[in-house]
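Letters go in sequence order (proteins before strands), and every chain restarts at 1.
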Amino acid sequence: METLRRIEEKWQKRWEKAKIFEANPDPTKPKFFITVAYPYPNSPQHVGHARTYTLADVYARYMRMRGFNVLLPMAFHYTGTPVLAMAKRLAENDEDLVSDFVDVYKVPREKLKELTEPLAMARYFHQEIKEGMKEIGYSIDWRREFTTVDPHYNRFIEWQFHKLRERGYITRGSHPVGWCPKDGNPVGQHDTQGDVEPEIGEFTLIKFGHGEWVLPTATLRPETVFGVTNIWLNPKAKYVKAIVDGEKWIVSRECAEKLTYQNHKVTILESFDGRALIGKLVKNPATNEEIYILPADFVDPKNATGVVMSVPGHAPYDYVALENIKSEPSRLVEHGLKEDVIKTINAISIIETPQFSEVPAADVVKKMGIKEQTDPKLEDATKEVYRHEFHNGKMKNNTGKYAGLSVAEAKEKVKQDLIAAGKATIMYELLNRPVRCRCGTECVVKIFENQWFIDYGKPEWKALAHKCLEKMRILPEELRAQYKYVIDWLHEKACARKSGLGTRLPWDPEWIIESLSDSTIYMAYYTIARHIKEYEIQPDQLTDKVFDYIFLGVGNIGEVAEEAGINAKVLEEMRQEFLYFYPLDSRHSAHELIPNHLTFMIFNHTAIFPESLWPKQIVTNGLVTMEGAKMSKSFGNIIPLREGLATYGADPIRLSVLATAELLQDADFSPSVARAMRDRLERLYKLVIETAKTETSEKSQPSNEELTTIDKWILSRLQEHIKRATDAMEKLAVRKAIHTILFELDQDLQWYLKRAKATPKTATAYILDEVLKTQILMLTPFAPHICEELWEKMGGKGFASLAQWPNPDEAKVDVKAEESETFIATLLEDTAHIIRATGIKPTKIFYYTAAKWKWKAYLKAIEKSLEEKVEQASLIKELLKDEDLKGRGGVKEIADFIGKIIEEINKMPKERKERLMQIGMVDESRILETAKTFLETEVNAEIIIQKEEEKRYDPKNRAKMARPWRSAIYIE
RNA sequence: GCGGGGGUCGCCAAGCCUGGUCAAAGGCGCAAGGCUUAGGACCUUGUCCCGUAGGGGUUCGUGGGUUCAAAUCCCACCCCCCGCACCA
């Protein structure tokens with residue numbers, strides 16, 4: 001571990017000193033521009049965050065070794081409200097947060113006070129994250145770093161929004177948001193107690209008439225208005241009579257207040273208890289039927305209007321409430337109703353569903369054993385009925401013109417019709433009530449006026465986004481469908497808030513552009529960020545015209561430069577640098593940003609830049625879990641990145657977050673994985689140190705004749721591994737790449753070393769040098785520190801990080817050597833099987849190689865099977881034409897033999913057949929003789945090799961079982 | 001619900017696109033042996049069932065189907081995870 005640490009620091013310093021990751025335009029080299037979603041500095045990073053960044057870095061390092069001029073920059077996203085909320089919580093000494101910072105992230109306690117200032121907090125964690133990125137060895141060009149609250153960046157965002165507005169993509173309107181009445185602010189997930197997302201639902205208020213008064217019943221299922229049997233009020237709740245937009249309404253007291261947030265003019269006239277209305281009659285506006293108002297405890301005055309229409313046929317709550325009253329009709333008397341009134345009320349069935357009887361609510365209530373209207377299981381019951389009815393339900397004949405429609409259709413139609421007829425209206429309500437603001441106040445829904453939107457709903461814009469997507473490479477490709485879906489689904493997106501850090505909307509400065517809207521095209525900003533710093537360009541010099549020139553090539557350079565007071569040469573340099581690095585070659589993020597950020601990026605690029613500068617690729621990855629569980633504060637299983645680095649080392653962490661899963665899946669991190677990686681690297685380290693000691697003369701490349709079969713074998717395998725690793729890297733199948741490079745290649749190497757030890761005249765020193773150098777180079781993107789060290793130790797020239805990625809050498813592919821080795825391995829396996837099955841402790845093992853005529857028949861059979869599927873009979877006939885074969889094998893033997901091999905041959909993949917044909921007949925005895933010492937040590941017995949067709953010792957008559965590439969075995 | 005992903009031999013997880021080399025890689029765990037003062041690490045072997053000869057049997061969510069042949073292709077069903085916005 002100490003060594004590891006030392007190596008890490010050593011190479012990080014050398015990289016920095018040599019500036020090898022600072023990328024400037026170089027017309028002689030192809031460029032590759034990679035960006036990762038910049039981090040939000042409201043807490044330090046944990047190992048989970050490392051996955052996306054490490055993936056991007058590995059890719060950057062790989063492409064660099066493929067000869068590209070790679071730019072990987074980084075910035076910090078200060079925009080938004082979370083950091084404000086956090087600073088506030090910290091100022092209030094919120095225990096959870098303090099313990100998070102102090103216990104989990106090891107922020108020194110005395111620092112906390114400083115961090116109560118939002119910007120200070122952001123700056124602190126910014127540095128923290130940056131340190132971590134350096135310690136893990138990312139190949140970032142830090143000269144281009146910025147934050148989204150830098151005034152220069154603000155100018156850039158202003159320019160972007162001017163462009164969007166010019167193109168007609170900015171609109172203004174109102175929409176419902178979660179709202180804290182006390183703070184006077186919209187609330188998002190991070191603003192609420194328990195971090196719950198306020199879910200806004202749209203209730204239909206159906207206006208039941210009671211004389212001149214309106215009782216607006218709130219429902220999520222307007223289509224059930226035809227099944228209403230009564231109205232529910234909570235007798236104990238406070239209701240009010242109020243003038244709402246000129247109509248006389250009766251609603252709960254809470255509702256009256258809420259309506260004011262939803263643009264209704266409300267004047268409260270009087271207040272009374274719900275019981276006062278029990279037993280009164282109201283008229284259903286859809287059917288004109290007269291029905292009673294009845295009491296129900298489950299009615300929550302805080303939910304919507306506090307007036308509920310009762311549909312016992314299809315709503316479990318209503319069904320149970322009605323049953324309750326029926327079983328206890330005396331309760332009605334206290335409200336001045338006759339007991340027998342209740343007898344006339346029966347569930348009305350208006351929807352038919354295959355899964356249910358006439359009264360679905362009754363089915364489900366009985367199934368779940370629900371007895372009381374306060375039973376929490378009623379929530380599930382409601383969902384179950386709704387789920388089936390929504391999908392499979394049809395409106396019955398008693399629903400007038402809606403008969404025959406599906407529930408999904410009817411729901412929308414009924415709502416629209418009622419609203420159009422003035423018999424209903426809309427009210428928004430929080431579905432997951434109560435949601436409390438961090439300040440403790442219960443949140444409501446407010447219709448936010450004059451909100452600014454980016455209108456992703458514009459069809460012509462969607463068409464551009466689709467076009468961009470079609471041309472893009474999406475990794476993993478499986479998620480393309482999701483992007484398509486999101487592009488179609490997006491509509492107006494509120495793009496500004498009234499609080500938080502960020503850039504002010506240039507034409508309406510009381511609004512601040514929110515974080516998902518100021519992070520869509522900033523990749524372009526990286527290309528000029530270093531000029532801004534180096535030439536000390538001031539924010540006010542960065543006019544729209546300057547950006548127009550740099551990014552769009554619009555305007556006269558002389559005039560623009562003059563006007564902005566920027567040297568024309570510098571301006572042109574910026575334009576050229578942008579054109580060199582743009583378009584973006586690869587964008588990296590976690591999958592969760594597909595529905596917003598990544599798709600916004602596509603949209604905004606198509607809106608602002610010409611087609612040739614649209615992004616070319618998006619790569620996303622799953623999350624990191626911690627020993628199978630989601631990483632979260634509440635589970636207490638967060639490992640801060642820097643702590644992880646200190647404990648396990650940078651390279652092991654890099655490997656750990658990438659080796660356990662491909663892009664699509666979540667990766668599982670655990671200390672044992674990190675340790676395993678570290679141990680694996682240490683083993684490699686030791687092996688290389690050993691190897692490095694060998695005389696250099698021994699490592700020089702021997703001629704082909706000097707190589708033994710096993711030497712050729714490992715070199716051939718090496719080419720295969722290079723090919724596989726390269727293919728995997730091209731698809732960013734990093735898990736596969738790591739497995740190939742670190743494990744599969746190693747397995748072969750171990751086998752080689754074992755074989756070489758028992759084989760005379762191998763070129764082991766040369767082979768080890770060759771294999772290890774290749775392995776180290778391929779491992780460099782993943783474990784750059786240790787690889788640099790080992791590369792140096794092995795006498796590699798320059799930085800491994802800048803060396804060329806290995807190319808497979810076709811000349812070293814040797815199919816014969818590979819088949820020979822498979823032959824040995826299979827034989828060893830078979831031998832072991834026999835020993836195990838028989839329980840013999842072997843002293844002597846006899847191997848009998850197949851007779852020549854078998855080889856002839858075998859190859860003939862393969863040849864035939866390449867043309868067509870071979871049948872036993874026809875094949876035998878064919879073979880018997882050959883007099884030579886017939887004479888040597890005999891008809892019966894040939895038939896027996898063919899019988900044995902025919903199945904094997906028909907199952908054999910085509911490539912293998914071709915390979916075997918290419919190799920032809922081999923001298924198996926010779927192969928076995930060379931491997932004899934090795935085989936003897938492996939099985940710990942004497943090995944005797946004989947030929948089937950020669951005189952031999954064979955008491956059990958086993959030799960006849962010999963097949964080409966599969967010698968017969970006799971053990972004693 | 002909509003959209004996306006997934007269900008493989010104790011666990012994790014490859015394979016599935018391009019059917020046959022698949023009883024099915026690899027890792028972890030477990031067992032035995034080696035090494036070691038001991039522990040760890042490391043190495044070897046085994047880890048679905050049966051078998052005194054390299055073999056056989058039953059497996060890849062469930063049920064059907066296509067095929068000489070299916071973990072892989074088709075159909076239906078069941079289950080799990082993620083996203084559905086104004087929030088980074």
Applying a 3.5 Å limit to both distances, which nucleotide forms a Watson-Crick or G-U wobble pair with B:rG54? none

Presence of donor-acceptor pair under 3.5 Å, side chain of A:Arg680 and base of B:rA41: no

So what's B:rG83 paired with, Watson-Crick or G-U wobble, going by both distances under 3.5 Å? B:rC2

For B:rC22, give its Watson-Crick or G-U wobble partner with both distances under 3.5 Å, or none. none

Minimum-distance nucleotide (side-chain atoms of A:Arg735 versus B:rA13, B:rC86, B:rA53): B:rA13

Candidate list A:Thr79, A:Thr81, A:Val83, test side chain to side chain contact (heavy atoms under 4.5 Å, CB included), partner A:Leu501, passing option: A:Val83

Provide the distance between the two P atoms, one in B:rG7 and one in B:rC17, to the nearest whole Å. 14 Å

Under the salt bridge (Lys or Arg N to Asp or Glu O under 4.0 Å) rule, collect the residues that match up with A:Lys498, sequence neighbours excluded. A:Glu510

Of all the choices, B:rA85, B:rA53, B:rG3, which nucleotide is nearest to the side chain of A:Ile971 once you look at every atom? B:rA53

Once you round it to whole Å, what is the distance between P of B:rA85 and NE2 of A:His591? 20 Å

Side chain of A:Asp679, heavy atoms from C-beta onward: which of B:rA41, B:rA53, B:rC2 has the nearest atom to it? B:rA41

Over how many whole Å does the gap from A:Trp965 atom CH2 to B:rU21 atom C1' extend? 15 Å

A:Ala481 has a side chain; which of B:rG54, B:rC43, B:rG4 sits nearest to it? B:rG4

Tell which nucleotide pairs with B:rG29, taking only Watson-Crick or G-U wobble pairs whose two distances are both under 3.5 angstrom. B:rU47

Side chains of A:Ile944 and A:Ile845 in contact at under 4.5 Å (non-hydrogen atoms): no

In terms of the nearest nucleotide of RNA chain B, which residue is placed more toward the 5' end: A:Glu662 or A:Tyr456? A:Glu662

Counting the atoms with a prime plus P, OP1 and OP2 as sugar-phosphate, which does A:Asn596 contact under 4.0 Å by heavy atoms, base, sugar-phosphate, or nothing? base

Contacts of A:Asp748 meeting side-chain contact (heavy atoms from CB on, under 4.5 Å) (sequence neighbours excluded), chain-then-number -> A:Trp713, A:Ile714, A:Arg717, A:His721

Figure out the CD1/C1' separation between A:Ile834 and B:rG54, and round it to whole Å. 4 Å

Scan every strand shown for a Watson-Crick or G-U wobble partner of B:rA71, both distances under 3.5 Å, and answer none if you come up empty. none

C1' atoms of B:rU59 and B:rC48, separation to the nearest Å: 7 Å

Rounded to whole Å, NZ of A:Lys956 lies from P of B:rA53 at a distance of 9 Å

Atom CD1 of A:Ile594 to atom P of B:rG5: distance rounded to whole Å? 10 Å

Hey, does A:Ala968 reach any base, or is it just sugar-phosphate, or nothing, if we go heavy atoms under 4.0 Å? base

Regarding A:Gln665, tell me which of base, sugar-phosphate or nothing describes its non-hydrogen contacts under 4.0 Å with the strands shown. sugar-phosphate

Is A:Ile971 close to A:Thr838 at the side-chain level, that is, under 4.5 Å between some pair of heavy atoms? no

Of the listed B:rG54, B:rC86, B:rG4, the closest approach to the A:Gln482 side chain comes from B:rG4

Could you state the atom-to-atom distance from NE2 of A:His739 to P of B:rG26 in whole Å? 11 Å

Looking only at the side chain of A:Arg683 (C-beta and beyond, no hydrogens), which of the listed nucleotides B:rA88, B:rG54, B:rC42 gets closest? B:rC42

Tell me which nucleotide among B:rA88, B:rG5, B:rC86 gets nearest to the side chain of A:Leu664. B:rG5

Work out how far the P atom of B:rG54 is from that of B:rC73, and round it to whole angstrom. 34 Å

Close N/O contacts between protein and nucleotides 44-52 of chain B (under 3.5 Å):
residue : atom : partner  : partner atom : Å
B:rU52  : O4'  : A:Ala837 : O            : 3.4

Could you go through residues 476-488 of chain A and list every donor-acceptor pair under 3.5 Å that involves a side-chain atom there, pairing it with any protein atom two or more places apart or in another chain?
residue  : atom : partner  : partner atom : Å
A:Glu477 : OE1  : A:Arg480 : NH2          : 3.4
A:Glu477 : OE2  : A:Arg480 : NE           : 2.8
A:Arg480 : NH1  : A:Leu469 : O            : 2.9
A:Arg480 : NH2  : A:Met472 : O            : 2.8
A:Asp488 : OD1  : A:His466 : NE2          : 2.8

Contact class for A:Tyr970 vs. all strands (heavy atom < 4.0 Å): base, sugar-phosphate, or nothing? base

Roughly how many Å apart are B:rG61 and B:rU72, using the P atom of each and rounding to a whole number? 8 Å

Identify, with sequence neighbours excluded, every residue that meets salt bridge (Lys or Arg N to Asp or Glu O under 4.0 Å) alongside A:Glu412. A:Lys415

Okay, side chain of A:Arg51, backbone of A:Leu658: is any donor-acceptor separation there less than 3.5 Å? no

Starting at CZ of A:Phe603 and ending at P of B:rC86, how long is that distance when rounded to a whole Å? 18 Å

Check: A:Leu664 main-chain N/O paired with A:Glu662 side-chain donor or acceptor under 3.5 Å: no

Distance between C1' atoms of B:rC9 and B:rA14 (Å, rounded): 13 Å

Searching all strands shown, indicate the nucleotide that pairs with B:rU37 (Watson-Crick or G-U wobble; both distances under 3.5 Å). none

Output the rounded distance in Å from CG (A:Asp455) to P (B:rA85). 17 Å

C1' spacing across the pair B:rC11 / B:rG55, given as an integer number of angstrom: 31 Å

Out of B:rA88, B:rG83, B:rG54, minimum distance to the side chain of A:Tyr485 belongs to B:rG83

Taking only residues two or more places apart in sequence, or in another chain, which ones meet A:Arg958 in a side-chain contact (heavy atoms from CB on, under 4.5 Å)? A:Tyr848, A:Asp954, A:Lys956, A:Met961, A:Tyr970

In whole Å, what separates the P atom of B:rU58 from that of B:rC50? 15 Å

If I pick the P atom on B:rG39 and the same atom on B:rC30, what distance separates them, to the nearest angstrom? 15 Å

Would you mind classifying the nucleic acid contact of A:Glu829 as base, sugar-phosphate or nothing, using non-hydrogen atoms under 4.0 angstrom? nothing

Select one nucleotide: of B:rC86, B:rG54, B:rC42, the one nearest the side-chain heavy atoms of A:Asp830. B:rG54

